[in-house]
Asks: 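Here's a structure for you.
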Protein chains: 4
Amino acid sequence: MTSSPAGRGRPRDERSGAAIIQAAAELVAEGGYAATSIGAVAARAGVGKDTIYRRWSGKPELVYEAVFTAAETADLPDTGTLEGDLTALVQSLVEEFSAPAAAAALPGLLADFAAAPHLRATIRTRFLQPAKERLVAVFDRAGQRGETSANLPVDLVLDTLAGAVFFHLGITGERPAPDLARRIAAMIVKGIEAR
Amino acid sequence: MTSSPAGRGRPRDERSGAAIIQAAAELVAEGGYAATSIGAVAARAGVGKDTIYRRWSGKPELVYEAVFTAAETADLPDTGTLEGDLTALVQSLVEEFSAPAAAAALPGLLADFAAAPHLRATIRTRFLQPAKERLVAVFDRAGQRGETSANLPVDLVLDTLAGAVFFHLGITGERPAPDLARRIAAMIVKGIEAR
Amino acid sequence: MTSSPAGRGRPRDERSGAAIIQAAAELVAEGGYAATSIGAVAARAGVGKDTIYRRWSGKPELVYEAVFTAAETADLPDTGTLEGDLTALVQSLVEEFSAPAAAAALPGLLADFAAAPHLRATIRTRFLQPAKERLVAVFDRAGQRGETSANLPVDLVLDTLAGAVFFHLGITGERPAPDLARRIAAMIVKGIEAR
Amino acid sequence: MTSSPAGRGRPRDERSGAAIIQAAAELVAEGGYAATSIGAVAARAGVGKDTIYRRWSGKPELVYEAVFTAAETADLPDTGTLEGDLTALVQSLVEEFSAPAAAAALPGLLADFAAAPHLRATIRTRFLQPAKERLVAVFDRAGQRGETSANLPVDLVLDTLAGAVFFHLGITGERPAPDLARRIAAMIVKGIEAR
DNA sequence: CAGTAATCGAGACGGTACGTCCCGTCTTTGA
DNA sequence: TCAAAGACGGGACGTACCGTCTCGATTACTG
């Protein structure tokens, strides 16, 4: 969200921003990303369209913030094993992406980010940054335990995890099997030769 | 593509269909998925809009066919090892998805397929079916060699491969590193030795 | 209606022409002139569009024939007075123009005839010719009785009669008052005593 | 023209409305009513289609206003006789309907008004109201002079005048003879038994 | 009696216009 | 300066018809 540029003039009403976020999240959950137009968000939030454009530069940024910012960033528990830690991490990804609004928004959102040059580069950062930080922490702990070597391919693992979860949830729309996170994590742990 | 219902009336002109496919592929490659409108395709193909809607029910179906139907279905070589075969398969996925029109179309296309209820179910079929067949063949050969156990998680592997490739190519827009296919394949081969 | 050009080849099926006329008249009566498309006429008549275009050059000609050709050309009774004869003539105009299909078709039909250069000149002929012949006969009888002078302004009277009837029926859609014909005729009879 | 419902929001730009009116009048004069599409009007006026639909509900209303609103409502001169006054009135009708844009628009316009139920009733009001007011004034003056009795059939006379003029100008497309107005007026004056 | 030719129903063809929706910007009044 | 409201130019949508054309099949006259 863009911050108010200066202290001059009438300050922005924080309640407008909150109402916009809520309206956007509701519309995404109800009708999907494509049906969530800026005009509809403004109407539901009781706000003018400019009030939205003043804060966000477009629909992708707004919906991203409406849908993904609420995500938990709670630290993952230390389960004592790499596979346990990784399962917990993948499970948190699954939960984040399978929330109704997130699942409804994800494909369209990724498409708009991928189509806009100035947004392409930020996809990994915005969508995967929290997961990446936790993945690095998990790998660090595993290294300290002696479970893994150094120089693990963090980005490859991250894309693989995210890709697998994205294809299951965002694309096919299936409810995730309860052991999905465990199976993915197990495969990856073996795959990176953690023994 | 819908086939003409019966032999009655004037038959559809195959050249129109071909011109539409070509125009759609060009426009996707030039301007991306969002900028490829039915009207623009019609204008470039020298065709009326109805001639497009007669054959395809909308932009997603048209662009899918324009971009992905040309895909190679050549059989993969038998390299003698699971890792070699899998590398070849992932490499073919990388090449299919990194063709200019395909890379430009993929995110928007997946988003539209995911958003339309009647198309959601077909995503795995339409986008991944050829890859799945080849994956099954690769696993069969590996099983005959004694490299793997039976009951390998085909769909899990497929989603993982596709997800990893999709995130690298479709989303980030980066040119694929030359060894990307090998690294993904290596990770998966090790990963599925588990159960 | 265009006649079949020569005796060679398969002769036209007269039943097709009749079915087209009937379908056109029905559609005009049901939905009005604008809703009567050539395609709809063809579909209802169980006929291909070309079978229509082979016989008529367009919608105006077809609808004109469908709606106005059935008109009575029965001779008017000799009532013994100019006013009586003229009332009968105007009444026949009223009846012709207030038939459901005619009233529904007339404004659109006149508009299309007026807009097409090759049809403009024929309006008076096609729409008013039978009325004109009867008007001349009425005037002749009145002259022989000594009721009128010669050189009556036939076309002026005809336009005036037709215009008054057209405005009442075609335009306003009102049901004609029972004495409408008598009042118009009375006014005209008095009016033409001048010069 | 629909007025902006309240003082809220950006007011409509009068120049847009004026440009639309002018473009519509030009297109009607150049190509006739049928060739005057909303899209073409918008393009010539340098305006979006919505800007037209915001002000008028369709082509008939727009063209009516473009073509007939400019009409003179100047009071008619008092010539001292009913026949003179009526001639002046008919002459003003002739001039109004024989302006290029009006003559080109009239048949199609009447057809569309007659075909649309919500417009039918307004034809007399919109097209003939100014003429009717002047006709009443003319009759009043004649009554004060003692030329006519009371209870003259205003609507009958009006339809007759309008019908005669409409058939001469709108339908046949002929240039009006110089004495057309005088002849029509003379006939009507006699017809209503003004002595 | 075979050949030729026009007609038939069907529906595809390139094209134009429709009226609606949304985009992102601009312009008003009011706080 | 921000706010709600809504007008603005622009562009895409999917549908409906236009009048022409191309099919395979049928039905007559002609040589």
Side-chain angles (χ1 to χ4, degrees), chain A residues 4-13 16 34-40 42-43 45-54 57-59, chain B residues 4-13 15-17 34-40 42-43 45-55 57-59, chain C residues 4-13 15-16 34-40 42-43 45-55 57-59, chain D residues 4-13 15-17 34-40 42-43 45-55 57-59:
Chain A
S4 197
R8 310 234 300 160
R10 173 176 171 177
R12 291 187 184 160
D13 187 338
S16 294
T36 303
S37 68
I38 296 286
V47 142
K49 285 201 290 177
D50 273 6
T51 302
I52 297 181
Y53 282 110
R54 222 172 272 126
S57 59
K59 184 165 94 164
Chain B
S4 200
R8 314 240 293 158
R10 175 177 175 176
R12 295 193 183 153
D13 188 337
R15 291 169 305 178
S16 296
T36 303
S37 69
I38 296 285
V47 142
K49 283 200 290 177
D50 271 8
T51 300
I52 298 182
Y53 283 110
R54 219 173 277 128
R55 290 169 166 76
S57 59
K59 185 165 93 162
Chain C
S4 198
R8 310 241 299 163
R10 173 177 174 173
R12 292 189 185 160
D13 188 338
R15 291 170 304 175
S16 294
T36 303
S37 68
I38 296 286
V47 142
K49 285 200 291 177
D50 271 5
T51 301
I52 297 182
Y53 282 110
R54 222 173 272 125
R55 289 167 167 77
S57 62
K59 184 165 93 163
Chain D
S4 199
R8 315 240 294 160
R10 174 177 175 174
R12 295 193 183 153
D13 189 337
R15 291 169 305 178
S16 296
T36 302
S37 69
I38 297 284
V47 143
K49 281 200 292 179
D50 271 7
T51 300
I52 297 181
Y53 282 109
R54 217 173 277 127
R55 289 170 167 76
S57 58
K59 186 165 91 161

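Naming convention: chains lettered A, B, ... in sequence-line order (proteins, then strands); numbering from 1 in each chain. Since the structure is predicted, the reported quantities are computational estimates derived from the model, not experimental observations.
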Asks: Provide, to the nearest angstrom, the distance between the CD1 atom belonging to B:I38 and the C1' atom belonging to E:dT16.
Replies: 18 Å
Asks: What nucleotide among F:dC8, E:dC13, F:dC18 has an atom nearest to a side-chain atom of D:R55?
Replies: F:dC8
Asks: Mapping A:G39 and C:V47 onto DNA chain E by nearest heavy atom, which one lands closer to the 5' end?
Replies: C:V47
Asks: So B:G58, base contact, sugar-phosphate only, or nothing? Heavy-atom distance under 4.0 Å.
Replies: nothing
Asks: Which atom pair, heavy atoms only, marks the closest approach of D:I38 to D:G58?
Replies: CD1-C, 4.4 Å
Asks: For the pair made of OH in D:Y53 and P in E:dA17, what is the distance, rounded to whole Å?
Replies: 12 Å
Asks: Does C:R12 make a side-chain N or O approach to OP1 or OP2 of E:dT7 shorter than 4.0 Å?
Replies: yes
Asks: Whole angstrom is fine here: how far is it from CG in C:D50 over to P in F:dG19?
Replies: 12 Å
Asks: Return the value, rounded to whole Å, for the distance between atom CZ of D:R8 and atom P of F:dA5.
Replies: 5 Å
Asks: Nearest whole Å is fine: how far is E:dC18 C1' from D:I52 CD1?
Replies: 13 Å
Asks: Does B:T51 have a side-chain nitrogen or oxygen under 4.0 Å from the phosphate oxygens OP1 or OP2 of E:dA12?
Replies: no
Asks: Between B:G46 and D:A40, which has a closest nucleotide on DNA chain E that is more 5'?
Replies: B:G46
Asks: Using the closest heavy atom to pick a nucleotide of DNA chain F for each, name whichever of A:K49 or D:K49 lands nearer the 5' end.
Replies: A:K49
Asks: Ignoring hydrogens and geometry beyond distance, is the side chain of D:R10 in donor-acceptor contact with the base of E:dC26 at under 3.5 Å?
Replies: yes
Asks: For the CG atom of B:D50 and the CZ atom of B:R55, what is their distance to the nearest 0.5 Å?
Replies: 11.0 Å
Asks: Between C:I52 and C:K49, is any pair of side-chain heavy atoms under 4.5 Å apart?
Replies: no
Asks: Relative to the 5' end of DNA chain F, which residue comes earlier, B:K59 or D:D13, by the nucleotide with the nearest heavy atom?
Replies: D:D13
Asks: I want to check one thing: is the phosphate of E:dC13, taken as OP1 and OP2, less than 4.0 Å away from some side-chain N or O of B:R54?
Replies: yes
Asks: Return no unless some side-chain N or O of D:S16 is found under 4.0 Å from OP1 or OP2 of F:dA7.
Replies: no
